[in-house]
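In what follows, a single structure is set out as structure tokens and then discussed.
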Amino acid sequence: MYLEENFKDNIVHWFNNNQRSMPWRETTNPYYIWLSEVMLQQTQVKTVIDYYDRFTHRFPTIADLSEANEDEVLKYWEGLGYYSRARNFHHAVKEVQRDYNGIVPSDPENFKSLKGVGPYTQAAVMSIAFDHPLPTVDGNVFRVWSRLNNDSSDIKLQSTRKTFEQQLLPYVQEEAGTFNQSMMELGALICTPKNPLCMFCPVQENCEAFDKGTVLDLPVKTKNLKKKTIEQSVFLIRNNKGQYLLEKRQERLLNGMWEFPMFEASNAISEISHKLKHDIEPLPEHIFKLKHQFTHLTWNIKVYSVPETIDINEKVLPDNMVWFDLSNRDDYSFPVSMDKIYRFIEG
DNA sequence: TAGGCGTGGCA
DNA sequence: TTGCCAAGCCT
């Protein structure tokens, strides 16, 4: 038996002496704790801190955020990625303002029903803010728990999550929030994917994988397929005031973010001409190109300059298009790919 | 249920 | 350069 009585004491004691300083650990406000958990999804602590500080400064209360418009919320998320998090969080906070009188529900079922709240966020906020006995199972805990138990279950499977949650229940009956954060902090600082610092691990004596020499083989996770590459064409189209045409994306990917008109290269010219009801003839060669990597796909972008200027008065733009003055960068949320193009033009 | 969904850091 | 990973959730 590896997980003896001293396991929880060991890891919590280590956490109390070694945890990193984070702004959301200095508050008991459930709204702030919730926000931090959403920002931290698939995102490193170091990246989140500045975004968290700016966001809480601009939207200090549930009421403040619920009154904001979505474009401004996205602006405060710009560069953080996974923008549906921002839209879902905004939606959920408005729901709290309307249905719960602006108070984050402390009932786990009610909280879980809010948009963007999954099993992890439910457990994290409920345990940290309200001491509910729910275990957080995130990437860190999958790794730590797999190694402690020398368990080679595929962590991609839903059934593995459920098993881990059941196995962790005894440890969250008291001080759940502290235990949960201890497990995650251990995974982030000691029990890392590569080069784990087992010699400094406070629960080395509780770790079956360390004993058996299988630490680097765990956790087991089936691999994803190879990612696709899409050839994209971007058009820089100006009017007679020197402003550039922008389009607000209405697709799943980067929904609500602004871009210079972009189309798949194979039919780009006809697409943009049709959209503007105007024949577009860009310079035959692209003025520059860039490669943008997502987790699941790659964009090879060629940027074309359209020499002709379009008379602003002769054209009624579709709702999701605007003329963009380079000096008004702060009014628009760009994904990183478009910010690269903006900086090329502006610089 | 498996794949879509951003970005930055690291070996 | 390439692939993997980071306090996951949605459809």
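Residue numbers start from 1 in every chain, and the chains themselves are labelled A, B, ... in the order their sequence lines are given, proteins ahead of strands.
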Contact class for [X] vs. all strands (heavy atom < 4.0 Å): base, sugar-phosphate, or nothing?
X: A:Q158; value: nothing
X: A:V117; value: sugar-phosphate
X: A:R25; value: base
X: A:W24; value: base

Return the value, rounded to whole Å, for the distance between atom [atom1] of [X] and atom [atom2] of [N].
X: A:R85; N: C:dA6; atom1: CZ; atom2: P; result: 15 Å
X: A:N88; N: C:dC10; atom1: CG; atom2: P; result: 6 Å
X: A:R20; N: C:dA6; atom1: CZ; atom2: P; result: 12 Å
X: A:W299; N: B:dG4; atom1: CH2; atom2: C1'; result: 13 Å
X: A:L216; N: C:dC4; atom1: CG; atom2: P; result: 16 Å
X: A:L253; N: C:dT11; atom1: CG; atom2: P; result: 16 Å
X: A:Y76; N: B:dG6; atom1: OH; atom2: P; result: 21 Å
X: A:D138; N: C:dA6; atom1: CG; atom2: C1'; result: 9 Å

In terms of side-chain heavy atoms of [X], which of [options] is nearest?
X: A:M184; options: C:dT2, B:dG6, C:dA7; result: C:dA7
X: A:P193; options: C:dC5, C:dG8, C:dC9; result: C:dC5
X: A:Q41; options: B:dG4, C:dA7, C:dG8; result: C:dG8

Proximity of [X] and [Y] rings by center, below 6.0 Å:
X: A:Y244; Y: A:Y342; answer: no
X: A:W77; Y: A:Y51; answer: no
X: A:F324; Y: A:W258; answer: no

A:T43 vs A:K156, nearer the 5' end of DNA chain B by closest nucleotide: A:K156

Whole-angstrom distance between [N] and [M], as gauged at atom [atom1]:
N: C:dC9; M: B:dG8; atom1: P; result: 22 Å
N: B:dG4; M: C:dG3; atom1: P; result: 16 Å
N: B:dT1; M: C:dA6; atom1: P; result: 22 Å
N: B:dG3; M: C:dA7; atom1: C1'; result: 22 Å

Which residue lies more 5' along DNA chain C, comparing A:S36 with A:K291 via nearest heavy atoms: A:K291

Between the side chains of A:D319 and A:K248, is the shortest nitrogen-to-carboxylate-oxygen separation below 4.0 Å, so that they form an ion pair?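 Between A:D319 and A:K248 there is no salt bridge, as every charged N stays at least 4.0 Å from the carboxylate O atoms.
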
Would you call A:E185 and A:R20 a salt bridge, using N to O less than 4.0 angstrom? yes

More than 12 foreign heavy atoms under 6.0 Å from CD of A:E281: is that the case here?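 No.
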
Parallel, tilted or perpendicular: which one describes the rings of A:Y304 and A:F235, with boundaries at 30° and 60°? tilted

Sort me out a list of protein N/O and nucleotides 7-11 of chain B N/O pairs below 3.5 Å, or just none if empty.
| from | atom 1 | to | atom 2 | distance (Å) |
| --- | --- | --- | --- | --- |
| B:dT7 | OP1 | A:Y83 | OH | 2.9 |
| B:dT7 | OP1 | A:V336 | N | 2.8 |
| B:dT7 | OP2 | A:H292 | NE2 | 3.0 |
| B:dT7 | O4 | A:T295 | OG1 | 2.2 |

Hey, mind stepping through A:H292 and A:F294 against ring pair (Phe, Tyr, Trp, His ring centres under 6.0 Å) and telling me if it holds? CA-CA 7 Å; A:H292 187 76; A:F294 298 88; 4.8 Å; yes

